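Everything below concerns the one structure shown next.
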Amino acid sequence: MDMNRLMLTAVTVLSLAGLAEAGVTEEDLANDATTVGDVLTNGMGRGLQRFSPLETLNKTNVKNLVPAWAFSLGGEKQRGQESQPIVYDGVMYVTASYSRLFAIDIKTGKELWQFDARLPEGILPCCDVVNRGAAIYGDNIYFGTLDARLVALNRKTGDVVWNKKIANYKEGYSYTAAPLIVNGLVITGNSGGEFGVVGEVQARDAKTGEMVWTRPVIEGHMGTYKGKESTMTGTLNATWPGDLWKTGGGATWLGGSYDADTNTLVFGTGNPAPWNSHLRNAGKPVEGNKGDNLYAASRLGIDPENGEIKWHFQTTPREGWDFDGVNEVVPFIGKDGTKRFATADRNGFFYVLNREDGKFVAAYPFVKNISWAKGIDKNGRPIYVEENRPGDPSAAADGGKGQQVFAVPSFLGGKNWMPMAYSHKTELFYVPSNEWGMDIWNEPISYKKGAAYLGAGFTIKPLFEDHIGSLKAIDPNTGEIKWEYKNSAPLWGGVMTTAGGLVFVGTPEGEFKALDDETGEVLWTFQTGSGVVGQPITWEQDGEQYVSVISGWGGAVPLWGGEVAKKVNYLNQGGMVWTFRLPKQLASVQ
């Protein structure tokens with residue numbers, strides 16, 4: 001062969017190899033929790049610990065943290081802003097209400113491009129028009145839309161690479177979570193739990209958007225693998241009566257985490273549908289676990305290669321209070337060196353599970369006055385207080401609503417979607433929680449496609465006069481609450497912790513705060529102008545540490561909060577990305 005041609009061929013192959021590796025790689029994603037120059041994943045690492053090893057910013061100099069720039073997300077589309085930014089190659093990518101995505105120059109705060117999804121009429125978002133973040137891989141940015149689509153955009157131009165349908169929005173489906181990327185697959189859940197949808201996890205080829213596998217999470221539904229039916233989820237009618245499994249709920253609306261040590265995706269599942277547990281033959285104990293309604297209100301360990309379920313743990317069998325099981329599952333190492341998962345459930349209990357098989361290890365109450373259960377037994381099942389289950393409407397003399405009860409926590413949960421953080425420094429979890437209860441009753445209901453499918457009514461009420469929100473530092477080995485920071489309004493945003501000994505959290509009153517990770521003392525605060533329900537991040541740039549958070553009041557509390565919503569109706573909406581930095585010259589100033 002001609003030598004010049006051979007050399008040209010070799011150069012071409014090397015160039016193509018370089019192109020194939022362009023942008024963010026699987027290795028980059030795997031190392032995101034330990035690298036400090038960027039933020040590539042939701043959760044600052046696919047384990048969702050939200051811990052930064054950066055310690056330039058610390059307890060003594062955090063008072064010197066100052067605004068670097070602010071970016072407006074627009075005037076007429078303010079609503080709730082629950083996103084976590086992604087930072088890569090000098091650009092911040094941030095999603096916003098109404099399914100928008102912005103690319104921002106991180107040095108100047110200048111907009112580089114904007115993508116605004118063309119949402120159809122008739123979308124059915126349950127809990128505000130929020131979006132919780134994007135994912136990045138190769139040279140693409142991925143995010144979901146309120147009409148239940150997944151979009152891949154070129155990260156440099158904002159041009160659409162592909163656009164795929166997750167589910168039919170006319171049936172009540174939507175999508176609000178940040179996608180998860182593992183080994184070249186974009187993995188998503190779905191939203192729409194109040195409309196009788198069926199929860200599902202899907203995996204697509206990141207380059208093409210083509211489906212690789214699907215895993216419905218309710219018993220009786222068939223999964224797929226490479227375009228063909230694979231296996232049924234569970235066993236048909238094992239824990240569901242009749243045909244109710246067909247509209248069984250279990251939406252996987254918060255997305256999942258990835259445990260590299262066991263090569264396992266962990267997704268939480270939402271409430272079974274309808275809320276009225278008596279219609280699901282679950283209102284009273286039945287033989288064995290017949291009324292559990294699997295796999296709703298559960299955590300599932302899933303094989304990322306083919307979508308098969310490895311294990312499950314159900315936090316609330318026979319669920320009847322809207323205690324979704326979607327809250328994030330975070331890997332950590334226990335005091336004895338064992339590999340554990342931790343998850344703070346909507347039902348008010350903080351669970352520790354074994355990482356190898358998801359088996360129950362321990363559970364601790366993390367909010368006060370829990371009324372629906374006396375505790376958790378040795379198998380991880382609740383010890384129910386049956387008289388605090390909403391009554392059966394069919395037993396009512398007039399065929400109306402069932403007996404009303406006052407239940408704690410409220411259906412918005414001891415902890416809702418807002419992500420907790422874990423510190424490698426203190427080995428504590430920092431859990432944003434809320435202390436509230438609800439009057440709740442069941443009502444007759446029948447399924448209608450695209451209509452709300454609750455069969456319940458409710459009014460949320462605060463438990464205490466001085467606070468609703470409570471940020472708690474929890475020892476996962478003992479359940480001990482080391483400290484508590486109380487807030488007047490509900491906490492509804494994410495938490496971040498750092499090796500510098502700081503815990504960052506925002507409040508609906510607009511305050512973005514840094515607390516001492518050992519004592520809970522407030523060390524720094526900044527008024528953002530609107531409620532903070534976003535998720536903070538930090539990174540290093542040009543030798544300085546930066547912190548960003550999105551401000552913009554909204555989400556489920558003002559829409560569903562009852563008496564609590566009235567209490568905080570004075571709060572202003574907004575839509576702003578705030579970015580702060582610690583100037584080099586002030587890093588050593590005490």
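Values below: every heavy atom of this structure, side chains too, minus hydrogens, waters and symmetry copies. Here the structure is a predicted model, which is why all the values come from computation and not from measurement.
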Next item on the list: Go through the side-chain N and O atoms of Asp517 and Thr497 and say whether any donor and acceptor fall under 3.5 Å apart.
Entry: no
Notebook entry, point to check: Where do Trp539 and Ser548 land on the side chain to side chain contact (heavy atoms under 4.5 Å, CB included) test, with the steps shown first?
Noted result: CA-CA 9 Å; Trp539 75 94; Ser548 275; 3.5 Å; yes
Notebook entry, point to check: When you look at CD of Glu387, are more than 12 heavy atoms from neighbouring residues, nucleotides or ligands closer to it than 6.0 Å?
Noted result: yes
Note to self: Treating Asn190 as the side-chain partner and Thr252 as the backbone partner, does any N or O pair qualify as donor plus acceptor under 3.5 Å?
What the structure shows: yes
Item checked: No-hydrogen, no-angle side-chain donor-acceptor test under 3.5 Å, Asp516 and Trp483 -> no
Item checked: Short side-chain to backbone donor-acceptor contact, Ser298 and Thr269, under 3.5 Å -> no
Checklist line | Pair Glu328 + Lys415: basic N to acidic O under 4.0 Å | finding: yes
Notebook entry, point to check: Which residue, Tyr453, Phe458, Phe323, forms the ring-ring contact (aromatic ring centres under 6.0 Å, His included) with Trp275?
Noted result: Phe458
Item checked: Donor + acceptor pair across side chains of Asp32, Thr41 (<3.5 Å) -> yes
Check: Would you find a donor on one side and an acceptor on the other, under 3.5 Å apart, between the side chain of Asp38 and the backbone of Leu40?
Finding: no
Next item on the list: Please determine, by modelled atom types, if Thr233 and Arg215 share a side-chain donor-acceptor pair under 3.5 angstrom.
Entry: yes
Note to self: Between the side chains of Lys310 and Glu308, is the shortest nitrogen-to-carboxylate-oxygen separation below 4.0 Å, so that they form an ion pair?
What the structure shows: no
Check: Checking ring-ring contact (aromatic ring centres under 6.0 Å, His included) against Phe429, which of Phe332, Phe366, Tyr351 comes through?
Finding: Phe332
Margin query: Taking the basic N atoms (NZ, or NE/NH1/NH2) and the acidic carboxylate oxygens, is any pair closer than 4.0 Å for Glu26 and Arg46?
Written below: yes
Notebook entry, point to check: With the threshold set at 4.0 Å, does a side-chain nitrogen-carboxylate oxygen contact exist between Arg299 and Asp345?
Noted result: yes
Next item on the list: Decide, yes or no, whether a salt bridge links Glu518 with Lys59 under the criterion of side-chain N to carboxylate O below 4.0 Å.
Entry: yes
Next item on the list: Could you verify whether a donor N or O on one side chain and an acceptor N or O on the other, from Ser470 and Glu484, lie under 3.5 Å apart?
Entry: yes
